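Everything below concerns the one structure shown next.
Start at 1 and go down the list; that is how both ligands and their atoms are numbered. Hydrogens, waters and symmetry mates are skipped; everything else that's a heavy atom, side chains included, is used. These figures come from a predicted structure and were not determined experimentally.
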Amino acid sequence: MRAVRQFSLRRQLIVRMLSIMMPLFVLLWVVAHFSSQYFINAAFDRSLVRRTYALADQVQVLQGKVQVNLPKAARELLVFDQEDLLFHRVVDPAGQVVEGERRMPSLPGGRPIKPGQLALYDGIKEGEPVRVAAFGLSLAGTSASGMVLVQVGETLSRRTALAQRATLAIVIPMFLMALAAAAAIAYGVGRGLAPVGRLRDRLSARKDFDLSPVPLEGTPTELRPFLDEINSLLQRLAGAVEAQSRFVADAAHQLRTPIAGIRAQAEAALSVGDADSARHALSHIAHAAQSMGDLVQKLLVLARVDAAENTLHLVRLDAADVARDGSREWALRALDERVEIGFEQEAGEAGLMGDAQLLKEMLGNLIDNALRYGGTRIAVAAGGTDRGTYWRVTDNGPGIPETQRDAVFAPFHRLSDGGGGAGLGLTIVQRIAQLHGATVDLSDGPHGRGLVVTIRFPPA
Ligand SMILES: Nc1ncnc2c1ncn2[C@@H]1O[C@H](COP(=O)(O)OP(=O)(O)OP(=O)(O)O)[C@@H](O)[C@H]1O
Ligand SMILES: [Mg+2]
């Protein structure tokens with residue numbers, strides 16, 4: 001047996017949501033990382049520049065010599081920080097370091113700085129990445145000439161730490177939001193499906209043959225089309241179950257009459273003394289047994305036709321051949337009853353997809369009726385039109401009044417008690433026609449006499 005593929009709505013929704021959220025989340029992380037780094041760098045650079053200008057302010061020229069006079073507080077500000085290493089340098093026009101560190105990372109590419117220019121750049125100092133601001137302080141208007149290079153730098157620990165914290169401050173709430181959304185979906189699906197659970201409870205509490213419609217109140221609109229289908233299925237099922245039980249009751253009723261007759265006649269045969277009366281009773285018994293046998297035979301055929309629905313194997317047939325063979329099987333009985341039976345192949349292609357056995361059963365029932373109720377002539381014809389193949393059985397009997405032409409297809413429905421039939425023949429005809437996708441049509445015979453039964457098969 002093939003394994004049934006199942007899936008959980010909740011799991012599928014969460015997996016889908018996460019598969020969309022996760023790449024977005026990574027993208028958000030990257031954007032948050034770079035943008036917080038950008039803004040934090042901008043803020044830190046501004047203070048680096050401010051310190052550079054402050055240091056440049058302290059540069060003095062005394063008798064042509066460059067000096068830096070740093071008050072103690074200012075020096076501390078320049079060199080001390082809790083997290084980062086701060087450093088600075090002042091170089092006079094001759095290239096002599098007059099204040100601060102000997103070694104400083106130079107501008108990228110070794111570019112010189114121009115007087116009045118400020119440059120910010122990254123570099124490495126003692127193996128650590130650093131950020132440096134450099135300012136070219138022009139000495140024009142003093143007793144010296146040229147340019148003093150003022151540089152202030154710092155390591156990046158605080159920037160990096162702050163950027164990391166800012167990124168996390170954006171990313172963590174987003175992550176929690178995604179988790180909350182997943183939890184909300186899981187919970188929401190559970191709540192949303194609760195009516196289904198209630199529906200299941202109500203259905204499982206039903207009695208076996210309770211086929212009343214499922215109540216729709218309190219069910220989500222998304223389930224409506226599904227429940228409507230279930231209800232229409234239940235309605236059809238209820239109709240079928242009712243028809244079935246009516247059929248069983250009718251069949252039992254039909255069997256009861258001959259059985260009661262057999263019993264009565266058997267008792268009569270036992271109680272009477274003379275052989276003639278006993279023989280008379282026995283012939284009644286034989287007759288009743290015969291009609292019971294016929295009824296049981298018809299019931300079996302009907303059961304077989306119903307069962308054939310699931311195992312039906314239609315093959316390509318020539319409808320004219322099947323009808324000719326079928327009619328031939330009835331020739332002897334027709335001769336017995338002095339009824340003329342003829343077969344005629346009419347124009348047109350008479351191919352069809354069918355089951356020969358069932359088709360003969362159908363034709364047999366029509367010929368049986370024509371023999372029983374019809375007149376003296378039966379004509380069976382087969383032919384084809386562009387709308388498909390047809391069969392036609394015509395007799396010259398009394399026909400069936402128009403008002404009865406639907407009713408005669410119902411099981412056990414008979415127009416009169418004569419003829420000894422059970423009332424199942426046309427039911428069987430209609431079921432077999434349905435299995436072949438064919439229609440059964442009853443109409444008046446020529447000159448308004450007799451009955452014409454036309455079976456129309458769909459194009460093969
Ligand atoms: N060719 C016909 N001419 C006139 N009446 C017919 C004809 N065929 C059927 N009927 C009427 O339709 C009724 C139903 O026919 P149907 O074949 O279903 O049952 P039946 O012949 O009575 O019994 P069964 O065929 O089960 O032995 C018949 O009882 C008969 O009254
Ligand atoms: Mg019949």
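- Any N or O atom pair closer than 3.5 Å counts here, and Leu424 shares at least one such pair with ligand 1.
- In summary, the side chains of Thr376 and Arg338 do not present any donor paired with an acceptor at a separation below 3.5 Å, with no hydrogens or angles considered.
- Which parts of ligand 1 touch Ala422 is read off a 4.0 Å heavy-atom cut-off, strictly below it: atoms 23 (O), 24 (P), 26 (O), 27 (O).
- For CZ of Arg279, the number of neighbouring non-hydrogen atoms (other residues, nucleotides, ligands) closer than 6.0 Å is 12 at most.
- Using a 4.0 Å cutoff on heavy atoms, Gly399 counts as a contact of ligand 1.
- A salt bridge links Arg405 and Asp444; the closest N-O separation between the charged side-chain nitrogens and carboxylate oxygens is under 4.0 Å.
- Between Arg333 and Asp368 there is a salt bridge, since at least one side-chain N of the basic residue sits less than 4.0 Å from a carboxylate O of the acidic one.
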Chi angles and distances behind the side chain to side chain donor-acceptor pair (under 3.5 Å) call for Thr427, Arg431: CA-CA 6 Å; Thr427 310; Arg431 296 264 171 95; over 6 Å; no

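- Below 3.5 Å of separation, one finds no N or O of Asn365 facing any N or O of ligand 1.
- Tyr390 places a side-chain heavy atom less than 4.5 Å from the side chain of Glu346.
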Chi angles and distances behind the salt bridge (Lys or Arg N to Asp or Glu O under 4.0 Å) call for Asp201, Arg198: CA-CA 5 Å; Asp201 292 345; Arg198 283 198 296 276; over 6 Å; no

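- Residue-environment remark: CD (Glu337) exceeds the threshold of 12 foreign heavy atoms within 6.0 Å.
- Under 4.0 Å from ligand 1, the heavy atoms of Asp395 that appear belong solely to its side chain.
- The distance criterion of under 3.5 Å between nitrogen or oxygen atoms is not met by Gly374 with respect to ligand 1.
- Contacts between His413 and ligand 1 below 4.0 angstrom, taking non-hydrogen atoms only, involve the backbone exclusively.
- Looking only at distances, no side-chain donor or acceptor of His413 sits under 3.5 Å from a matching main-chain atom of Asp406.
- Considering backbone and side-chain N/O of Thr427, none are found under 3.5 Å from N/O of ligand 1.
- At least one side-chain heavy atom of Leu424 sits less than 4.5 Å from a side-chain heavy atom of Leu295.
- Here the shortest heavy-atom distance to atom 11 (C) of ligand 1, taken over Leu371, Ile400, Leu451, Val429, belongs to Ile400.
- Here Lys298 has side-chain heavy atoms under 4.0 Å from ligand 1, and that is the only part of it that gets that close.
- One of the N, O or S atoms belonging to Asn369 lies under 2.8 Å away from the Mg ion (ligand 2).
- The atoms of ligand 1 that sit less than 4.0 Å from any heavy atom of Gly421 are 22 (O), 23 (O), 27 (O).
- Residue contact annotation: Arg372 has a non-hydrogen atom under 4.0 Å from ligand 1.
- Close approach of ligand 1 to Gly423 (heavy-atom distance below 4.0 Å) involves ligand atoms 18 (O), 19 (O), 20 (P), 22 (O), 23 (O), 24 (P), 26 (O).
- Remark: ligand 1 atoms within the under-4.0 Å shell around heavy atoms of Gly425 are 16 (P), 17 (O), 18 (O), 19 (O), 24 (P), 25 (O), 26 (O).
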